[in-house]
Amino acid sequence: MAQQTGKAPALMAIAEAQQLVKTYAKSFGQEQVALDEADGRVLAAAIRADRDYPPFNRSAVDGYAIRTADWEQGQRNYPVQETIFAGQAHQQELQPGFAYKIMTGAAVPTSANAVFRREDTTEGKGAVEIKVDTVTAFQNIARQGEDVQQEEVLVPAPILVNPSVINSLAAVGQAQVLVEKLPRIALFTTGDEVKPVDAAVSPIQIRNSNRHLLEALLRKWKLKPDVYQHIPDTKEALHQAIQEALQHDMIIMSGGVSAGDADYVPQVLQELGIEKLFHKLAIRPGKPVFCGKLPNGGIVFALPGNPFSCLVTFTLLIEHYLYHCFGFEGGPVYNYKLQQQRTKKHQLAEFFTVKINKDTTTLQPLQVNGSGDIRAGLMAHGLGVHPAEQQVLEQGQTIEFISFSNSLM
Ligand SMILES: Nc1nc2c(c(=O)[nH]1)N[C@H]1C(S)=C(S)[C@@H](COP(=O)(O)OP(=O)(O)OC[C@H]3O[C@@H](n4cnc5c(N)ncnc54)[C@H](O)[C@@H]3O)O[C@H]1N2
Ligand code: MOO
C-alpha cells in the first residue's frame, strides 16, 4: 500500500482492535459454586442428562389410563382397578378390560398406553365411561426419554446461566456447578474535577458517574472490582495507584486518555511496563481509548472520561474481551432495519443509542447531545452501528445492533 505522507497515521479500526483484544483473552480458571450462586455466571462444562427425561412414562393429565387394545374392541366402560398418584408406584399391572384412575405427573405403568382426561369421561362408582370417540396410542402420556435421553448433552457450555439454565441444571441434580472464575479487577477513575456522588459540588465540578456506570456494567457479569480508587490528576498519584494494581487480571480506568495537559494515563501506564496494544481508535464516541497488556498477562482498558464514551468502549472492548475469556465467540450482534435516515460527516465508525420499536421492530435512534450528555443510554436497548465508510444510512437499511443486555446467547 502506498505510504500516505503529511497526514496523521490512520486510526485503528474497531474490528482490528477487537481482534487484538481477542488474542489476549484467556480463561481465569474454573470453580465449583452452589447452583443458586451460578446465576449470571458462565457455565464451564456441558451438562449431560443423568437419566432419561421424562424418567418414566408420565401422565400429562388427571384422568383414566387404559389399553388401546380394549378400546379397539369397542369397550367404553371400564372398572377402575386402582388409583395412581404422582410419586406413587402402581400395585399391579393393568388387567385386560380395566382402567387406572391416574393423576397428572404420575407414572403410567407400561401395561397401559392411553390416558383420557377426566372431563372426557363419566365417572361412576368404581367404574368409568369414556365419552370421546377417538383414541391414539400414548395420548396424554409424555413418554420416557422423549425430551432428553440419558447422557445426551442437556446444557451446552459455555452458556450464561439464567433462570432457565438454573431450572435445567436443578432438574438433573446439579447442586454444585462448574463455572468460569471471574477476573480480579482494579477500577480507577481520574480527574480533579470529579467528586463522589454524595459530596457537595461547586459549579465547575461534576459527580463521579463513571464509577457507578462501570460498576453497574461489571455487575451484569457478576464482576465486582476488588480495588477501587479515584486518582487525582498527577503523575505521581497515577503511578502509585496503578503500580499497586499490576497483579490484577484487569485494570479498568476512566479519564485522562486524550490530549490534555493533565492526560497522563497512557504515559504512566507505559512507564509501568504496560505494553500498548492501541491508543485511539477510528470510532465515535470513544476515540481516545487506550488498551495495553499487563506484564502478568492481564489487560488494561483506559476509557475516555465522557460517560457515553465509557459506555460505548466498555460495550465494544471490555465486554468483547470478557466474552472471549469466558469461551464465547464474541457477543451477539443482531441485524435490524433503521427507522429513519441517518447521516454523518466524519470517517469514524459511529455508535449511536437506539430503541427497538415494539410494533415495527425497527431501530429508532435516540437523541444524545454528544458524549458528555448524562442522558446517553437512557431508554436505549443498545447501540446501532454506523460503519466508518458509509456517510448515509438509509431509512429501512439493515444495520448491526449491539444489545446492552448480555442475557441472550
Ligand atoms: N485535543 C483533543 N482533545 C480531545 C480529544 C482529542 O482527540 N484531541 N478527544 C476528545 C474526546 S473524543 C474525548 S471522549 C475526551 C476524553 O477525554 P479524557 O479521556 O482525557 O477524559 P477527561 O478529559 O478526563 O474527561 C472528559 C470528560 O469526562 C468527564 N469525566 C471524567 N471522569 C468522569 C467521571 N468519573 N464521571 C463523570 N464524568 C467524568 C470530565 O469531567 C470531562 O468532561 O477528550 C476530548 N478531548
Ligand atoms: O469521541 Mo469522545 O469519546 O466522544 O467525546
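Computed from a predicted model, the values in this text were never measured in an experiment. Nothing fancy with the numbering, it's 1 onward along the sequence. Every number for a ligand or one of its atoms is a count from 1 in the order of the listing.
Residue Arg211 has no nitrogen or oxygen atom sitting less than 3.5 Å from a nitrogen or oxygen atom of ligand 1, judged on distance alone. Any N or O atom pair closer than 3.5 Å counts here, and Thr189 shares no such pair with ligand 1. Some N or O of Ser309 is nearer than 3.5 Å to an N or O of ligand 2, by distance alone. Residue contacts with ligand 2: Gly286 is placed with a nitrogen or oxygen under 3.5 Å of a nitrogen or oxygen of the ligand (distance criterion only). Polar contact with ligand 1: present for Gly305 (N/O pair, distance under 3.5 Å).
Open room surrounds NZ on Lys224; 12 or fewer heavy atoms of other groups in view lie less than 6.0 Å from it.
Of the heavy atoms in Val265, none comes closer than 4.0 Å to ligand 1. Looking at Ile206 against ligand 1, only its side chain comes within 4.0 Å, counting heavy atoms. With a 4.0 Å cut-off on non-hydrogen atoms, Pro304 touches ligand 1 through its backbone as well as its side chain. Contacts with ligand 1 closer than 4.0 Å are made by heavy atoms of both the backbone and the side chain of Asn210. Heavy atoms from both the backbone and the side chain of Val257 come within less than 4.0 Å of ligand 1.
Contact detail for Ala25 and His324: the closest heavy-atom pair is CB-CB, 3.5 Å.
Under a 3.5 Å cut-off, the side chain of Glu82 and the backbone N or O of Gln91 do form a donor-acceptor pair. No donor-acceptor pair closer than 3.5 Å links the side chain of Asp373 to the backbone N or O of Phe308.
Distances below 4.0 Å separate heavy atoms of Arg207 from the following atoms of ligand 1: 36 (N), 37 (C). Taking a cut-off of under 4.0 Å to the non-hydrogen atoms of Pro285, the atoms of ligand 2 that pass are 1 (O), 3 (O), 4 (O). Close approach of ligand 1 to Thr190 (heavy-atom distance below 4.0 Å) involves ligand atoms 32 (N). Interface atoms of ligand 2 facing Ser371, defined by a heavy-atom separation under 4.0 Å, are 2 (Mo), 4 (O), 5 (O). Of all atoms in ligand 2, listed by their number and element, those nearer than 4.0 Å to a heavy atom of Lys287 are 1 (O), 3 (O). The ligand atoms of ligand 2 that sit less than 4.0 angstrom from a heavy atom of Asn306 are 5 (O).
Considering only non-hydrogen protein atoms, atom 23 (O) of ligand 1 sits nearest to Asp263 OD1, 4.0 Å. The protein heavy-atom contact nearest to atom 40 (C) of ligand 1 is Glu193 OE2, 3.1 Å. Summary of contacts: the protein heavy atom closest to atom 17 (O) of ligand 1 is Ser258 OG, 3.1 Å. Protein heavy atom at the shortest distance from atom 37 (C) of ligand 1 is Ser209 OG, 3.2 Å. Looking from atom 35 (N) of ligand 1 to the surrounding protein, the closest heavy atom is Asn208 OD1, 2.8 Å. Given atom 15 (C) of ligand 1, the protein heavy atom at minimum distance is Asn306 ND2, 3.8 Å.
Contact between Gly260 and ligand 1 is absent, with no heavy atom of the residue lying under 4.0 Å from the ligand. Remark: distances from the non-hydrogen atoms of Pro288 to ligand 1 include one below 4.0 Å. Not a single heavy atom of Gly191 sits less than 4.0 Å from an atom of ligand 1. Taking a 4.0 Å cut-off on heavy atoms, Arg284 fails to register as neighbouring ligand 1. Residue contact check for ligand 1: Gly256 places a non-hydrogen atom closer than 4.0 Å to it.
Within the 4.5 Å cutoff, the side chain of Pro266 has no heavy atoms near those of the Lys276 side chain. Within the 4.5 Å cutoff, no side-chain heavy atoms of Val108 are placed close to those of Arg58.
In this structure, of Gly255, Ala259, Pro307, the residue bringing a heavy atom nearest to atom 3 (N) of ligand 1 is Ala259.
Between Phe326 and Phe28, the two ring planes are perpendicular [angle over 60°; tilted spans 30° to 60°].
Considering CE of Met379 and CD of Gln367, their distance stands at 14.0 Å, rounded to 0.5 Å.
Side-chain N/O atoms of Asn113 and Thr68 include a donor and acceptor closer than 3.5 Å. Between Glu394 and Gln341, the side chains place a donor N or O and an acceptor N or O closer than 3.5 Å (distance only, hydrogens not considered). Side chain to side chain, Asn210 and Thr189 fail the donor-acceptor criterion of an N or O pair below 3.5 Å. Inspection of the Gln397 and Gln390 side chains reveals an N or O donor paired with an N or O acceptor under 3.5 Å. Neither side chain, Gln339 nor Gln395, offers a donor N or O lying under 3.5 Å from an acceptor on the other.
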